[in-house]
Amino acid sequence: MQRTKIVDLLKSTDYGKEVIVKGWVRTFRNNQFIAINDGSTTNNIQAVVDFNTTDETKLKRLTTGAAVAVTGELIESLGKGQKVEVKVKQLEILGDCDAEKFPLQPKKHSLEFLREIAHLRFRTNTFNAVFKVRHALAFAIHQFFNERGYVYMHTPIITASDAEGAGEMFKVTTLPFDNTPRTEDGKVDFKEDFFGRATNLTVSGQLEGELAAMAFGEIYTFGPTFRAENSNTTRHLAEFWMIEPEVAFADLTDNMNLAEELLKYVINYALTNCTDELEFLKNRLLEEEKQKPQDERSVLDLIAKLNFCLSNDFQRLTYTEAIDILKNSNHNKKKKFKYIIESWGADLQSEHERYLVEKHFKKPVILTDYPKEIKAFYMRQNEDGKTVRAMDILFPGIGEIVGGSQREERLALLEQRMKEMHIPAEELHWYLDTRKFGTAPHAGFGLGFERLVLFVTGMTNVRDVIAFPRTPKSAEF
RNA sequence: UCCCUGAUAGCUCAGCUGGUUAGAGCACAUGACUGUUAAUCAUGGGGUCGCUGGUUCGAGCCCAGCUCGGGGAGCCA
C-alpha cells in the first residue's frame, strides 16, 4: 500500500479507510497524540496511539524530529482541534531523533538561530511556507514567459568580461595561490590559467541575453548571479537568483508594462496557489508585529497588501518629477532627511525612495529617466542629453526590486558613452557587433528573485528566503 | 567598509549602584495523569557569563582590543 500525503488526508472524508502516513514527529502529546508533518502542507495530521497496547519503549522513541510510518484507520476526530485523525494500528519508527541533541523544539525559535541551523530549518512551519512560495513564484515566472513565447536562455556562469560594471566579481581560477605564474613585468600570468585568461563568476546575464534577443526577439534568463561586494544588509546576497528578460523592438514603456505585468502575474499565482502558506505567513507577521508599537505596524496584512498591489497601477514618474516631489516635501523642508535634496542630479538615497513609496504614493513606484551620470553605460540616451531611458521599480519595504532600461542601440552613441566611462571596447567586441549588424531598439530588466520572495512572504531578510545564504564571512552548508 | 546595538543553560531571556552559592520559562531525565492541541502537575540534572588583556580587596556588571550576530547606511537586484 502507498503512503498518502498529509495534505490529501486532511481534506479526505473517507472515514474507515486504512491509510499509511509517513513523516516527522512535531510533538507527541499526552502519551497518545502524535502530530506528524510530511512537508506536503504546513498543517500536521494527528495520529492517535493506544498507549495501553503499545510497547512502552516505542512510545519513548516518539520524540520531536523522529521519522515515523503509521498505518491505521482514517476517522473523524474525537477531539476538537481537527476534523480527521488516524487511529494507529501499526507504528514504525523509521529514524530516531535524540531529543536532547535535536535543536528544534516545539516552540518559537528566532530566525537568527534557525539561520545557524539552515540544514534543519526546512522542518519548521515558517520555512515550509517560505520555500513553497519560493517554488510557486519560480514556477509562475517560467509559466508567464512560456505563455508569451519567450525563450529561456542559460547564459554562462563563468564569464571573461570584467567590464559590466555591476559590482565586484569573484575570480575563477585554477592557478596555485602559493606559486602564481608571473609575466615579465610581475603581474599574474593568466595565460597559464585554465581558460588562458582571467575569468569571473557572472554578475549579470544581460549582455549575453541581448545577443540572444537579437535573434529570438524575446528571451529571459533565470539563474544564479554573484557579487563580491562587502554588503551587509537585509537585501543583499553574494549569491542570488535573478530574472532578466530582454525584448527586441521594445521601448521603455513596453519594458515597464512587461515588468508590471510579470510582477502582478506571479503575485496573483502565489495568492491562488499558496493560500495555506500565505495565510500562515500572514498570521506569523501579525503575531510578530504585536510586539511593535502601533505606529510601526503594517496598515495592511500580508494578503491584503498583495491584493492591493494587484488592483492598483504602479505609480510611474520620471526622476525629475521625483526630485520635485522630494524637494517640495515637508519632510525635506523640515530637514528630516539625512541627505537633503538640493538640486537635480543627486542620486536618490534609500530614505528618499522609501519616502516616495511608503509615505507619498503608498504603492509600488516606477522611476524613469535618471541622469546618465548615475546609470550604466548601455542605457539609451535621451534627446535632452542629460538623462537615460532607465527604470527602477521600487517596492514598499524592499526598495529596488527591478532595475532595467531601454538599451542604447546606436553604435556611435554607445561607443562614446563607453569611452567616457572607461569601458574597454575591445573586451566587448561581441556586444558591439549587435549594434553593427542589424541593430534594433530593445529593452530589458533584472528582477531580484529573493527580493520578490521577500515581498510575497512578508519576511524581512533575504537570508531567510534562500536555502543556504552566502554573505560576507558566511558560506556554511 | 562605516554608524548603532548585542553576546549569560540546548532555546528565549532576567540579573539592581561592582559584593556571599548567577535565576526564570521552554527543552531534557524520572514519576503521576490520560481526548491532548507548543498537554498538565511534581521532582531533578544542566553555566569557561563570546575571547584576550586591564582597572579593583573583589568583575556577568567598569575600560580597551578582537571575534561573531542583529539593525541601519553605502553598493545594488
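So you know, we letter chains A, B, ... as the sequences are listed, proteins then strands, and number each from 1. Atoms considered below: every heavy atom in the structure, side chains included; atoms not considered: hydrogens, waters and symmetry mates.
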Checklist entry - Which nucleotides of nucleotides 30-41 of chain B have their base under 4.0 Å from a protein heavy atom (B), which only their sugar-phosphate (S), and which neither (-), written as one string 5' to 3'? => result ----BBBBBB--

Item to check | For A:S405, all residues meeting side chain to side chain donor-acceptor pair (under 3.5 Å), sequence neighbours excluded | outcome: A:R407

Checklist entry - Which residues in residues 274-287 of chain A have at least one heavy atom lying under 4.0 Å from any atom of RNA chain B? => result none

Item to check | salt bridge (Lys or Arg N to Asp or Glu O under 4.0 Å) partners of A:D96, counting only residues at least two apart | outcome: A:R61

Next on the checklist: Holding to salt bridge (Lys or Arg N to Asp or Glu O under 4.0 Å), I want the full list of residues that pass it with A:R354, two or more places apart in sequence or in another chain.
Outcome noted: A:E358

Could you tabulate the donor-acceptor pairs under 3.5 Å formed by side-chain atoms of residues 336-345 of chain A, not counting sequence neighbours?
{"unit_1": "A:W344", "atom_1": "NE1", "unit_2": "A:T320", "atom_2": "OG1", "d": "2.9"}

Checklist outcome for this item: Note on RNA chain B: ranges paired as stems (three or more Watson-Crick/G-U pairs in a row, both atom distances under 3.5 Å) are B:1-7 with B:67-73, B:10-13 with B:23-26, B:28-32 with B:40-44, B:50-54 with B:62-66

Item to check | Residue pairs passing the salt bridge (Lys or Arg N to Asp or Glu O under 4.0 Å) test where at least one lies in residues 456-471 of chain A, sequence neighbours excluded | outcome: A:R115-A:D464, A:R121-A:D464

Between the protein and nucleotides 46-50 of chain B, are there any N/O to N/O pairs under 3.5 Å, and if so, what are the atom names and distances?
none

Return the polar atom pairs (N/O with N/O) between nucleotides 4-9 of chain B and the protein under 3.5 Å, or none.
none

Next on the checklist: Under the rule for salt bridge (Lys or Arg N to Asp or Glu O under 4.0 Å), what residues qualify as partners of A:E420, not counting sequence neighbours?
Outcome noted: A:R417

Next on the checklist: Walk along nucleotides 65-73 of chain B from 5' to 3' and tag each nucleotide B, S or - by protein heavy-atom contact under 4.0 Å, base first, then sugar-phosphate.
Outcome noted: ---S-SSBB

